[in-house]
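The structure under discussion appears below in the form of structure tokens.
Each chain gets a letter, A, B and so on, in the order its sequence line appears, and its residues count up from 1.
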Amino acid sequence: MADTKALTSRAADFSAWYNEIIARAELADYSPVRGCMVIRPNGYAIWEQMQRALDQMFKDTGHQNAYFPLFIPQSFLSREAEHVEGFAPEVAVVTHGGGKELEEPLIVRPTSETIIYAMYAKWIQSYRDLPLLINQWANVVRWEMRTRLFLRTTEFLWQEGHTAHATEAEAEEETRRMLGVYRTFMEDWMAMPVLTGLKTDSERFAGALRTYSCEALMQDNKALQAGTSHNLGQNFSRAFEVTFQTAAGTLDHVWNTSWGVSTRLVGALIMTHSDDNGLVCPPKLAQYQVVIVPIHKSDDERATVLDAAVRLRKELAAAGIRVHVDSREGMKPGAKYYEWEGRGVPLRLEVGPRDVASSSVVLARRTGGKKETFPMEGLPARIAGVMDQFQADLLAAALARREAASLRGATKEQFIARMEREGGLVYGGFCGRGACETEIKEHTKATIRVLPDPEFRSPEVPSRCIWCGGPSIVEAVWAKAY
RNA sequence: CGGGGUGUGGCGCAGUCCGGUAGCGCGCCUGCUUUGGGAGCAGGAGGUCCCGGGUUCGAAUCCCGGCGCCCCGACCA
């Protein structure tokens, strides 16, 4: 419930604003267990919309869903050297079950590569079994030091795709394909622009050959890794003996990929679009795209107005629009406006006696503050058009914000100054040396978010490393990150 | 694990210095009047004052010992 009327502003304290939005919109709550979160119905509804869209995209690219167990034998993790090193510190271990100490402790999955490739070893014999394209929706546990609702919690929900291919080229193609799927989802559904590209070794997934990611810039000018896609090479197939017989009759290890996005996307959504009045949710992912608020004084008015509201709801719902009528009594219309605004509903229809008399409705958009009057006749088509525009406007605004916060062609000094003050993205040449990367992190707190894909690179290719001035081998994008 | 802060109805806080049996705002419940941008009045419910021990006639308050949570640093989708 909203106990104080105004949220802390983004400018005053971005973290406080973020937490207050989640409370105000009733998206999530803290759990009795440190670092865990309860996803409340309003928050889960957004996740469900995300799942629905992504799941369809996975199916459209030939993947099937399956489910692998939460518990994994501890020994599995250590089969891939880099993998165990990457995850060991944050793994929860079950030592007792059924009142007895277990012979071999079980780990609670921090990710499922090990158990999945152990199973793939049983299922794959021939090149005819490839490619194997499986996704699972699951919860995972990583024992984090410091947590934040949606962005980093001890347990979180995600999907993890795991595929096996006959050739390295096919695995690379799959890795890139799914990165593209994520990008499309983030832009078309979340209205969140992202940079895609390769991670440097220091940010690479433990056990992967190459990690690609989608990076988004939040309103506080910090970057957020929104999704990752890994080319695992043969690292896991060697560790778990996932072999197949080729058409030529030889035996080879399969080439794997894995890719995932999590409930962190809900946090990304919040920090990309919301304002000081509360959540702003793109229509395509909103639980309710339209809320109808009836306005009335007398009982007579109430009956006719509600009647009209319900009729409108049916018309809109029939057109596939997610719509809700807020017919609660004893609450003034203004109070309802504030509540639904805080929850991020894109469009609001106000229906009062005057509107019913003139067969019109008042439409208010979540952003912009203007109200318009539309005839009831043909409303569903009109609303659909407004929603499309709203969705497009959000993406355009977010893109404009990101570009305004992007610095290209900077000197080392400008880079340092930018990170000390406004933050944002800094594009620059990189010599490829880990020493430079580390030094930059120590001096500026900024890390290389991605080595951007060609379409995101600067028009002029940097020739010098932004830090050491040596020859640049690749362009990099730096930012302070979540 | 280091540094700082904080624990009192659902939420936010006062009361602690100086001991006397718990209060304010919001929220919640009931009724009446309201309803085109956060309603008003009246009545009401709700508290192991973080936990344990001690001092005292008497402890939210003083003493000792624990625990939780938050913020800042080292790790991370």
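In this structure, of B/C75, B/G37, B/G36, it is B/G36 that holds the atom nearest to the side chain of A/V362. Closest to the A/P333 side chain, of the nucleotides B/A39, B/G36, B/C75, is B/G36.
Residue pairs meeting the side chain to side chain donor-acceptor pair (under 3.5 Å) criterion with at least one partner in residues 73-82 of chain A, sequence neighbours excluded, are A/S75-A/E104, A/E82-A/R204.
In this structure, the CD atom of A/E329 is 13 Å from the P atom of B/U33, given to the nearest Å. For the pair A/E26 CD and B/C11 C1', the interatomic distance rounds to 13 Å; values are reported in whole Å. In this structure, CD of A/Q159 is placed 12 Å from C1' of B/A77, rounded to the nearest angstrom. One interatomic measurement links the two molecules: CD of A/E350 to C1' of B/G38, which rounds to 14 Å at whole-angstrom precision. In this structure, CD of A/E90 is placed 15 Å from C1' of B/A74, rounded to the nearest angstrom. Here B/U35 presents its P atom at 16 Å from CG of A/L306, a figure rounded to the nearest Å.
When the C1' atom is used for both B/G9 and B/G47, the distance is 5 Å, rounded to whole Å. Spacing of C1' atoms, B/U16 relative to B/U61, comes out at 4 Å, to the nearest Å. Distance check on atom C1': B/A22 versus B/G15 gives 8 Å, rounded to whole Å. Taking atom C1' on both B/G31 and B/G36, the two are 26 Å apart, rounded to the nearest angstrom. Spacing between B/A45 and B/G73 at atom C1', rounded to whole Å, works out to 46 Å. One C1' atom belongs to B/C51, the other to B/A14, and the distance between them is 23 Å to the nearest Å. Taking atom P on both nucleotides, B/U30 is separated from B/A59 by 39 Å, rounded to a whole Å.
For the segment residues 259-273 of chain A, the set of residues with a heavy atom within less than 4.0 Å of an atom of RNA chain B comprises A/S262, A/R264, in numerical order. RNA chain B is contacted by A/I295, A/H296, A/K297 of residues 291-298 of chain A, taking any non-hydrogen atom closer than 4.0 Å. Near RNA chain B, meaning a heavy atom under 4.0 Å from it, residues 434-452 of chain A has no residue at all. Applying a 4.0 Å cut-off to non-hydrogen atoms, the residues of residues 206-235 of chain A that approach RNA chain B are A/Q225, listed by residue number.
Within 6.0 Å of the NZ atom in A/K222, the count of heavy atoms belonging to other residues, nucleotides or ligands exceeds 12.
For the 3.5 Å distance criterion, the side chains of A/D220 and A/Y482 qualify, holding a donor opposite an acceptor. Using modelled atom types and a 3.5 Å distance limit, the side chains of A/K59 and A/Q64 yield no donor-acceptor pair.
At a cut-off of 3.5 angstrom, the base of B/G38 holds no donor-acceptor pair with the side chain of A/E341.
Ring geometry, A/W467 versus A/F415: the interplanar angle exceeds 60°, so the pair is classed perpendicular (tilted spans 30 to 60°).
Salt-bridge annotation for A/R52 and A/E48: absent, with no side-chain N of the basic residue lying under 4.0 Å from a carboxylate O of the acidic one. A salt bridge is absent between A/R142 and A/E155; no separation between the charged side-chain nitrogens and carboxylate oxygens falls under 4.0 Å. Remark: A/E173 does not engage A/R176 in a salt bridge, criterion side-chain N to carboxylate O under 4.0 Å.
Residue ring and base: A/Y337 does not count as stacked with B/G37 (centre distance below 5.5 Å and interplanar angle below 30° not both satisfied).
Annotation: side chain to side chain contact (heavy atoms under 4.5 Å, CB included) contacts of A/R418 (sequence neighbours excluded): A/L407, A/E422, A/V426.
Within the structure, a side-chain polar atom (N or O) of A/K332 is placed less than 4.0 Å from OP1 or OP2 of B/G36.
Within the shown strands, nothing qualifies as a pairing partner of B/G38 under the Watson-Crick or G-U definition with both distances less than 3.5 Å.
Partner A/L349 forms a side chain to side chain contact (heavy atoms under 4.5 Å, CB included) with one of A/V323, A/I383, A/V362, A/V291 and no other, that one being A/I383.
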